[in-house]
Each structure stands twice: as C-alpha cells, then as structure tokens.
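The structure under discussion appears below in the form of structure tokens.
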Amino acid sequence: MKRFYPVNIGFRTFHQQIKLRRLFTKPCIKICVSSVALNRHFSNYGNFYVNPNTDTTRSTSARTRSYSCSSTSPHIGKGDQIKQGWLRRGVATWSPLAAAFNNCSSIKRPSFNLLSQKTGLFGYKVLQEPDGFYLLKEEAMLETDKLVREATSQNRTRKMVQIFDELSDTLCKVADMAEFVRIGHPQNRFAKAAENASMAISGLVEKLNTNRELYNALKKVTQEGDIVLTNPVDEHVAELFLFDFEQSGIHVDDLMRERAVALNEYILHIGSHFVNGTNQPKSVLKSQLPENIRQCFSIEGESILVTGLFADSENDLVREAAYKIYLFPDSHQAKLLDELLISRNELANLCGFPTYAHRAVRGSLAGDPQTVKEFLDILSDGLRERAQNDYNDMLQLKRSKNRYESQIMPWDIPYYTAVAKQNSYRKERFNIKNSDFCPYFSLGICMEGLNNLFQSLFGTTFDVEECCPGELWHKDVIKLSVHEEGSILGYIYCDFFERPGKPHQDCHFTIQGGRQLENGTYQLPVVVLMLNLPSPTWSSPSLLTPGMVDNLFHEMGHAMHSMLARTPYQHVTGTRCATDLAEVPSILMEHFSSDPRVVLQFAKHYQTGAPIPHSLIEKWNASKQLYSASETQLQVFYAALDQVFHGEHPLNKSTTEILADVQNQYYGIPHVPNTAWQLRFGHLVGYGAKYYAYLMSRAVASCIWQVYFKDDPFSSSAGERYRRGVLAHGGSRPPRELIQDFLQRQVTPTTLAESLLNDIDGKV
C-alpha cells in the first residue's frame, strides 16, 4: 500500500487492527500492517502488491528500491569538502525548504531554540518519558466513560454523531499515536509503553463493542432522526458508525453475538498463523535437484533449503526449481486457509451478509461484489491481447539466450521484465541507469518541486518548523507546517531516512485527525510520513532514484489528503474513507511525478544546477510503460481470486483447484500443476475481498488526470476544483456520489476499465 487506520466506532474494527498489527508488523518485513487490515482507519498507506514470481511480498511504491543508487563517494575531509562546495553551493542556491532536506548538518543536528521549553513526543509534555502513555490512556478511559454516559442520557443536548465522533477522537488520539510509536520509535522502552497503551485501548474497544445501550441509542437516531437538526453529512457519518458496530454482530441475539465474537478472535488467530507460514522456506533432499544448480541454494547436510523464488537468477533451471519447490502445496497452510475462508463466511452470514465479499465491499466506491467482478472482467478482456504482446516480447528476450525456447513460464516473467527494464539485452531501447537520474533528484529539490506544485494547484506552501526538545523521536525527522494565506492547515512529520531497526515500510500515519470543534476552531490534522530513503552524507545530499521520487509523490498525496480535508468529523477526515477511494489522491500524484512538464520544473543537478535532460525523462516514462499490461493482468488475477475465495460458500473445490481455474481464466500464463501460490499469498488475510481496490483507485485517478490535469498539470482552477470536490470531503460523502459529482459523469465498471486501459496504452 497499502497502506494505518485509526479506531472505528463501531468499535470492533480497532480491536482487530491492533491485534493484527502486533502479530504481523515486524521490522524488515515489507508488509505494512495497515495493508494487512484494510478498513476505514489506521491510515498507513503504501501501495501493496504481491508477485508469486518474486521472493518477497513488497510495496509497489518501493519496487525500484533494489536499484537505488548510492549517494556515497570517496572520503572527503571537511576542509576539502567545503572547498569542493556542494553544501556551500547548495545553501547559496536552494530555498530554505530544499536546504533543510539537503543540508546534512541541519538534518543530523536539528536546531532547537535554547529558550524553548522541553516537551514530549508530538508536543505532548507527558510523553517526555514512556510512562506518559499510561497517563494518556487513563485520561482517554475517563473521557470515554463520560461520553458514553452522555450518548445514552435522556437529557442529551448535542447531536449523537458529534458525541460519537468525540468518543472516536478521544480513543484515536491515544491509539493512533501509540501505534506509530510502537512501530517507529527507535527506543524499545517507548515502543513497549506504546504497545501497552494500544492493548489497553483495545480492551476498552472490545467492551464498547458489547454495549447494547450505546448501540441502541445510535440506531434509534439513524432510524427515527435526532433530537437536534442534522444534515446529510451527519446522517451519513452516523450510518458509518452504525455499520461499524454491526460488522461485529452487536445487532443479533446474544447467542449469535457470542459466536460472532468468537469467530472474530478465531479469524485473527488463524490469520496470524497463515501469514507466518507464507514466508517459511521449503526443504528438499539434495538428490532431488540437478547437481549443477545445488550450489545456488542454501545447503544443510543432505538437504537444500529454498527460501524464495530466486526470480533474479539468470539460470532458467534455478528459477524453475525454486518456483516448483517453494510453491509446492502445504497441507497445513491449506487447512489454515480453508478455516479462514469458512470462518469469514460464517461471520458475514451471522451479521446479515450473503458473503464475506458483500460485508467487505459495502460502502465502497464499488458498492457490491457484482460491480467488482464486472470491472475485473471488462479489464481482463481488454488486457488479454495487450498482455500477450508483452509475453511475446519476453519470449524474444528468452530466445536471445536460447533460440529453441518455445514458451514463457511463470518463473520467467519477473526475470525478463527486469532484464528489459534494466536493458541488459536491448540497449537501443532505453540505455539508462538509475545512477543517471539520481544527481538530478536530491531530496531537497524534490520537496521544493512538491511545494511549488501544491502552491500552483492549491495555494498552499510548506514551512520547516523549529521543534521543541523532546518533540521528535529521531534526529533525522523534519517537521513541516502546511500554510495557506497565513493560516496553518496541519503538520507533517517527515521521517524519511533509513536507519537500523526502522521498518522497511513506506507509510502514512494519521496521528491526529482534523475535525470541527464546538468553539468554532478546527482541530488541525497531524500525520507522519515514513520512508526509507538513503541518508545524506558529507559528500552529497540524499539522492533519489526515479522510483523513489514516484514513491515520495505518492505518499505526499496521502499527506495532502489529510491536510486539505475539512470534514466536520475526524472519523471521516482525509484518508479515512473507503479503501478504493483512499488511494486515489496518492496514485494521482504519480501522474504528476511522471509528467515531463512537472519534473522539468524542479529536477536539477545537485552540484551544477543544470536541469535534467528531457530525453532522460522520456526514457524513464517509456520504461515504466514497458510490460504494464502484463503486470496489470497479474493484479486482475489476484483480485479475481480474492473475490472468488470470499464469494459464495461452500467453495466445492480445493483452493488450489480454484486457483488453477481463476488463473487460466484471468492470467495469460497457465497454472503449473502441483503449485499452490495462494498458500503464499499473505494479503488474503489483510485485504479480504478488497484486493481489487488498488486497481479501481488507479482507474479513478486516471479519469481525474485525463479530465482535469492532462492539459495543464499546474492549473490552479483544476486544483481548486479537485481540492473542494474530492480532498475536502474525505469519507464524509458516499464514494461513488463524490466521484461522479466531481467528474460530472457516471462511474461504471466500463468507464473505469476503459480509463485504466488508456493509462496502460500511454494515452493519459
């Protein structure tokens, strides 16, 4: 992603998210747990996809990281460095914003005002020490009791939805911050205290989930109207709160509700074990492999350990052996997956849904599983010939090594895709390296480019904030304020540089959601962007590959969604919206990062100041289009499989038989017998009938780009319409209604699929 959502009130979701993230989020695993728990909240977005032909599950937004260029150079003494002068020249020519991110001295040693009072994390004085999380948790619990009493009181004077949103905000402020600190803080004592706070809030949420009096009070308002005058936004948000409640079965009788609670716990348990099993190596006897490839794998005595798919191996036989061994069916994993799917279906049925897919997709842009299927089918039909052309091209590459080769196999696709993009065989096609680009993409220059773009589109600017001692969790973090005409719209904490122990995730975390306060002021949004960019050195700033630039733009799209949303309720602010809508602003930003008109405005050599050659941008964009049809077809296949698994039950076939059927229908490369890729597909746990969402978000983003920004990516009038028509609303309006009103056209599976196909054809 994909991808951390704050607490949902109806409350069950938060309880599940906390447990899932504790179970699955581990340093150095590129599965961010927000993608493992795609629901309305815990806004940690990176784009996530899994490729059964590669070694690991990883973030698409970071897919080029393995080709990053180093910013290191031969050692230069301090005096020589100043004489050489990249820092000196940069400071002379860079804006204060660019200098803050490029000047390593300002990054490594943040400047604090000596007169500033010491504070704690994110400005909370109690968080100068880890024990502050206990105090925040206790305060939240006391305030929760007070708000529950108000919501259920006969003498209530406020809107019910206002009380619920304040209750949600009270829990979110502790839970969301604690969840980020648990994952992102380098000191274990802070991380542990934050985890304890998360667990305590989780227990409180579980208690609230069983509060029938609270649920009935909300339900009465949604059915009969409130005692206070409400508007459509109030009513929509109240319905969302009610739906969140009912997803956990609070509306059914006691016996069924107990069963629903037990199923939720069982699903979490089964899911954690299944995900753990997706990365386990496979062991075979040495005698089962040809002698000439044994040394390519780990050898333990008489056994060989296959730890992945070895997709980057030049040896065809190694890739084939790894594929067939690593994906060989595992009966225990198969049983876990069966239990997961059966339990999810039972839970959905208990809560009144015909399938788990209906439960997962309700309230989304798609709206129902039938719309999802229609979208995937139309897209699949349109991709078939385009993808086949990709496979034919790959086959020609394969024949350049062995002219007798007759077909492309699943284990060939990632290898020859990389070969084509890295240009090992066809130098006449691109003849580019990431190192050609990096000098033009210093981090500071990219941030300045974003700042100028947002100023053109929205009239906003970034300012670097001076932090108080204790406010930051690491010296590399930079705090930005977002301004508009002298007013501050919100704050972005930029935790951009890799460091030991930092999770390999590219994420957007909501720390505090924006909402309208009763005194007429607005609670400002606060977010963290966590990336893993190369650290600056004494000889150069942080230099980004084009893929890293795309990723920076992507994550900043999430941040600006949070900054520019001006919803009355934090429950639906910014990225707290349907999954298939939440990725639209971030994917749209990738269109900007690929547009030569945008890139030429900011990309300059960090030493000479020379602009990036236009030819480099054209070659990079052409390389990104390479094999995009086959890559998209793969994602359609995954999404279709996810829908079938979470559709009508009983399935009547094994998951492996279903895999073969779906693969042969939606993917251009047939299923290989005795392989069970679905048992390695950990996203079945987290996405659960929502894997289609990224494809649909891509389609919507493409529509917006074509209609509003294709002719002029700096258009202030288009930017203002986009801001007021989409970003400002967050999740406060039904997604399809929101997008249709903005595009002034019907959003159908056909129009979405056609838009995405145009994107693939390079017509956007």
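Counting begins at 1 with the first residue of the sequence.
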Donor + acceptor pair across side chains of E583, S586 (<3.5 Å) = yes
Does the pair F709 and F592 meet the rule for a ring pair (Phe, Tyr, Trp, His ring centres under 6.0 Å), with working shown?
-> CA-CA 9 Å; F709 299 109; F592 286 96; 5.2 Å; yes
Quick one: do Y323 and V672 satisfy side chain to side chain contact (heavy atoms under 4.5 Å, CB included)? Show the steps, please.
-> CA-CA 10 Å; Y323 188 94; V672 177; 4.1 Å; yes
Does the salt bridge (Lys or Arg N to Asp or Glu O under 4.0 Å) test come out yes or no for D661 and K653, once each step is laid out?
-> CA-CA 10 Å; D661 291 344; K653 288 184 177 181; 2.6 Å; yes
Sequence neighbours left out, what passes side-chain contact (heavy atoms from CB on, under 4.5 Å) with V707? Give chain and number order.
-> L743, R745
R319 side chain to D412 backbone, donor-acceptor under 3.5 Å = no
Side chain to side chain, Y694 and Q635, heavy atoms closer than 4.5 Å | no
Do the non-hydrogen side-chain atoms of F437 and L616 ever get within less than 4.5 Å of each other?
-> yes
Provide the closest heavy-atom pair for G547 versus W620 in the form atom of the first, atom of the second, distance.
-> N-CZ2, 3.8 Å
Do D550 and S593 have side-chain atoms, one donor and one acceptor, less than 3.5 Å apart?
-> yes
D595 vs K710, salt bridge (Lys or Arg N to Asp or Glu O under 4.0 Å): CA-CA, chis, key distance, verdict = CA-CA 9 Å; D595 192 289; K710 181 180 180 180; over 6 Å; no
Should L544 and S542 count as side-chain neighbours, where that means a heavy-atom distance under 4.5 Å?
-> yes
Kindly indicate, with the supporting measurements, whether the criterion side chain to side chain contact (heavy atoms under 4.5 Å, CB included) is fulfilled by V361 and Y356.
-> CA-CA 9 Å; V361 177; Y356 188 83; over 6 Å; no
Does the side chain of D316 pick up a donor-acceptor pair with the side chain of Y415 at under 3.5 Å?
-> no
Please tell me if the side chains of I760 and T632 come closer than 4.5 Å, counting only heavy atoms from C-beta onward.
-> yes
Could you list the residues that satisfy side-chain contact (heavy atoms from CB on, under 4.5 Å) with I378, not counting sequence neighbours?
-> E374, P749, T750, A753
Electrostatic pair K373-D377, nearest N-O below 4.0 angstrom = yes
Give the ring-plane orientation class for H605 versus Y440, where under 30° counts as parallel, over 60° as perpendicular and anything between as tilted.
-> perpendicular
Tell me, with the steps shown, if Y687 and Y638 meet ring pair (Phe, Tyr, Trp, His ring centres under 6.0 Å).
-> CA-CA 11 Å; Y687 274 83; Y638 297 160; over 10 Å; no
Hey, mind stepping through W677 and Y326 against ring pair (Phe, Tyr, Trp, His ring centres under 6.0 Å) and telling me if it holds?
-> CA-CA 9 Å; W677 163 80; Y326 194 65; over 10 Å; no
What residues form a salt bridge (charged side-chain N to carboxylate O under 4.0 Å, His left out) with K335, not counting sequence neighbours?
-> E339
Can you find a side-chain donor-acceptor pair between N392 and Q388 that sits under 3.5 Å?
-> yes
Quick one: do M409 and E320 satisfy side chain to side chain contact (heavy atoms under 4.5 Å, CB included)? Show the steps, please.
-> CA-CA 9 Å; M409 301 302 292; E320 179 181 357; over 6 Å; no
Show the atom names and distances, to 0.1 Å, of all donor-acceptor pairs under 3.5 Å that link a side chain in residues 640-652 to residues at least two apart or in another chain.
{"from": "D642", "atom 1": "OD1", "to": "H646", "atom 2": "ND1", "distance (Å)": "3.1"}
{"from": "D642", "atom 1": "OD1", "to": "A689", "atom 2": "N", "distance (Å)": "3.0"}
{"from": "D642", "atom 1": "OD2", "to": "A689", "atom 2": "N", "distance (Å)": "3.0"}
{"from": "D642", "atom 1": "OD2", "to": "K690", "atom 2": "N", "distance (Å)": "3.1"}
{"from": "D642", "atom 1": "OD2", "to": "Y691", "atom 2": "N", "distance (Å)": "3.0"}
{"from": "Q643", "atom 1": "NE2", "to": "A689", "atom 2": "O", "distance (Å)": "2.8"}
{"from": "H646", "atom 1": "ND1", "to": "D642", "atom 2": "O", "distance (Å)": "2.9"}
{"from": "H646", "atom 1": "NE2", "to": "R344", "atom 2": "NH1", "distance (Å)": "2.8"}
{"from": "H649", "atom 1": "NE2", "to": "F645", "atom 2": "O", "distance (Å)": "3.0"}

Please check if any side-chain donor atom of H561 sits under 3.5 Å from a side-chain acceptor atom of T575, or the reverse.
-> no
Does T278 use its side chain to pair, donor to acceptor, with the backbone of V275 at less than 3.5 Å?
-> yes
Close side-chain approach of L533 to M548, heavy-atom, < 4.5 Å = yes
Does a salt bridge link R399 with E405, judged by any charged N lying under 4.0 Å from a carboxylate O?
-> no
Ignoring hydrogens and angles, tell me if any N or O in the side chain of D580 forms a donor-acceptor pair with the backbone of A366 under 3.5 Å.
-> yes
Short side-chain donor-acceptor distance under 3.5 Å, K324 and T675 | no
For the pair H558 and H554, name the ring-plane relationship: parallel under 30°, tilted 30 to 60°, perpendicular over 60°.
-> perpendicular
Given side chains that start at C-beta, do those of N674 and F328 come closer than 4.5 Å, heavy atoms only?
-> yes
May I ask you to test the R384-D381 pair for a side-chain heavy-atom distance under 4.5 Å?
-> yes
Donor-acceptor pair between S755 and N758 side chains, under 3.5 angstrom = no
Are there more than 12 heavy atoms of other residues, nucleotides or ligands under 6.0 Å from atom CD of Q295?
-> yes
Say whether T656 and Q678, considering side chains only, have a donor N or O and an acceptor N or O under 3.5 Å apart.
-> yes
Can you name the residues that form a ring pair (Phe, Tyr, Trp, His ring centres under 6.0 Å) with Y708, not counting sequence neighbours?
-> F742
After noting the C-alpha distance and the side-chain angles of V726 and V584, does the key distance pass the side chain to side chain contact (heavy atoms under 4.5 Å, CB included) rule?
-> CA-CA 10 Å; V726 178; V584 170; 5.6 Å; no
Quick one: ring pair (Phe, Tyr, Trp, His ring centres under 6.0 Å) partners of Y666, sequence neighbours excluded?
-> none
N621 side chain near P596 side chain, heavy-atom distance below 4.5 Å = yes
Are the side chain of Q633 and the backbone N or O of S380 linked by a donor-acceptor pair below 3.5 Å?
-> no
Anything under 30° is parallel, anything over 60° is perpendicular, the rest tilted; go ahead and classify Y667 against Y391.
-> perpendicular
